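Numbers here are sequence positions counted from 1. From a predicted model like this one, the values you see are computed outputs, not experimental measurements.
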Amino acid sequence: MAFLASVIGRMLLALIFIISGVTKVMNVAQTQAFIEKSTTLPANLALPVGIFELVFGVFLAIGFLTRISSLLLFGFTLATVFFFHNQLGDQLQLQLALKNLAIAGGLLMVFAYGQARGSVDVWRERDRARRAEIRAARAEGRERGAREAEARSASGPADGQAG
């Protein structure tokens, strides 16, 4: 049950960034206008930010580079609180800031525990470990074969064979 909850939770967190990223990429002019109106950041950040949210949202959803993705999205989410939802006297801005802090907390949980069995990262690590075991077994086999060949050559020709 914990496995299922972690995968669904990771996907739901990722969905926020995927939808937000698609919206920004599809409506660049509106996003630029919002950035200009709300903050002193350059408006030309709209498209790169949309792509960032989309790419790392998808990575988070499928569990690819889970820890890196969650950490980057954590920092991004805190930056949105700092740049966009910093007027905490306004009830709406306070609610948006608290929502983003909750999302940031969820992303930290993904960073700490998010490499569950259903993620690409775990599959990659498992395959890497299997390849290492196979390489070690092959090296051990070559070493054993070399010792046996050395032992045979040291003992001389076998009985009944002419030398």
Side-chain angles (χ1 to χ4, degrees), residues 1-140:
M1 192 58 121
F3 160 72
L4 186 60
S6 71
V7 171
I8 291 172
R10 192 181 72 230
M11 288 181 178
L12 289 174
L13 276 171
L15 188 61
I16 294 167
F17 296 100
I18 293 169
I19 291 173
S20 180
V22 167
T23 302
K24 284 178 179 74
V25 168
M26 300 301 287
N27 303 301
V28 175
Q30 288 176 321
T31 305
Q32 287 175 331
F34 176 73
I35 290 172
E36 284 179 342
K37 181 183 84 163
S38 303
T39 185
T40 59
L41 293 172
N44 62 356
L45 285 176
L47 185 60
V49 165
I51 293 169
F52 170 84
E53 284 184 283
L54 180 59
V55 168
F56 285 99
V58 169
F59 282 3
L60 187 64
I62 65 173
F64 179 69
L65 301 174
T66 307
R67 299 188 88 195
I68 293 170
S69 298
S70 63
L71 205 55
L72 289 173
L73 290 170
F74 167 78
F76 172 80
T77 303
L78 291 183
T80 63
V81 171
F82 180 77
F83 288 110
F84 292 94
H85 307 300
N86 54 14
Q87 298 171 351
L88 302 180
D90 178 0
Q91 188 64 32
L92 176 61
Q93 292 301 315
L94 177 62
Q95 288 177 352
L96 292 172
L98 291 173
K99 172 197 59 105
N100 281 1
L101 290 176
I103 292 168
L107 290 165
L108 281 181
M109 294 295 290
V110 171
F111 176 77
Y113 304 108
Q115 293 184 298
R117 291 185 315 230
S119 72
V120 173
D121 290 339
V122 170
W123 298 337
R124 288 177 43 217
E125 185 59 37
R126 183 189 62 217
D127 290 344
R128 189 177 302 128
R130 284 184 183 158
R131 285 191 302 271
E133 287 174 10
I134 290 170
R135 282 192 304 272
R138 286 181 180 156
E140 184 180 324

Is Thr23 reaching over with its side chain to a backbone N or O of Ile19, donor-acceptor style, under 3.5 angstrom?
->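 Yes, because the side chain of Thr23 sits within donor-acceptor range (under 3.5 Å) of the backbone of Ile19.
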Within the side chain of Ser38, is there an N or O that forms a donor-acceptor pair under 3.5 Å with the backbone of Ile35?
-> no
State the [atom1]-[atom2] distance between [X] and [Y], to the nearest 0.5 angstrom.
X      : Y      : atom1 : atom2 : result
Ile103 : Leu73  : CD1   : CG    : 10.5 Å
Thr77  : Leu72  : OG1   : CG    : 10.5 Å
Ile62  : Ser69  : CD1   : OG    : 8.5 Å
Leu78  : Leu107 : CG    : CG    : 9.0 Å
Ser6   : Met109 : OG    : CE    : 10.5 Å
Leu94  : Leu101 : CG    : CG    : 9.5 Å

Can you name the nearest heavy-atom pair linking [X] to [Y], along with the distance?
X     : Y     : result
Leu60 : Arg10 : O-NE, 2.8 Å
Ala61 : Ile18 : CB-CD1, 4.2 Å
Ala14 : Gly57 : CB-O, 3.1 Å

Go through the steps to decide whether Phe74 and Val110 satisfy the test side-chain contact (heavy atoms from CB on, under 4.5 Å), and finish with yes or no.
-> CA-CA 10 Å; Phe74 167 78; Val110 171; over 6 Å; no
Take the angle between the ring planes of Phe56 and Phe52 and call it parallel below 30°, perpendicular above 60°, tilted in between.
-> tilted
Residue pairs fulfilling salt bridge (Lys or Arg N to Asp or Glu O under 4.0 Å) with at least one residue in residues 38-62, sequence neighbours excluded |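 As it turns out, the salt bridge (Lys or Arg N to Asp or Glu O under 4.0 Å) pairs with a partner in residues 38-62, which skip direct neighbours, are Lys24-Glu53.
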For Gln93 and Leu96, what are the C-alpha separation, side-chain angles and deciding distance, and is it a side-chain contact (heavy atoms from CB on, under 4.5 Å)?
-> CA-CA 5 Å; Gln93 292 301 315; Leu96 292 172; 4.2 Å; yes
Check against side-chain contact (heavy atoms from CB on, under 4.5 Å), Val81 and Asn86 = CA-CA 6 Å; Val81 171; Asn86 54 14; over 6 Å; no
Given the rule in the side-chain contact (heavy atoms from CB on, under 4.5 Å) test, do Val28 and Gln32 qualify, once you have shown the distances and angles that lead to the verdict?
-> CA-CA 6 Å; Val28 175; Gln32 287 175 331; 3.9 Å; yes
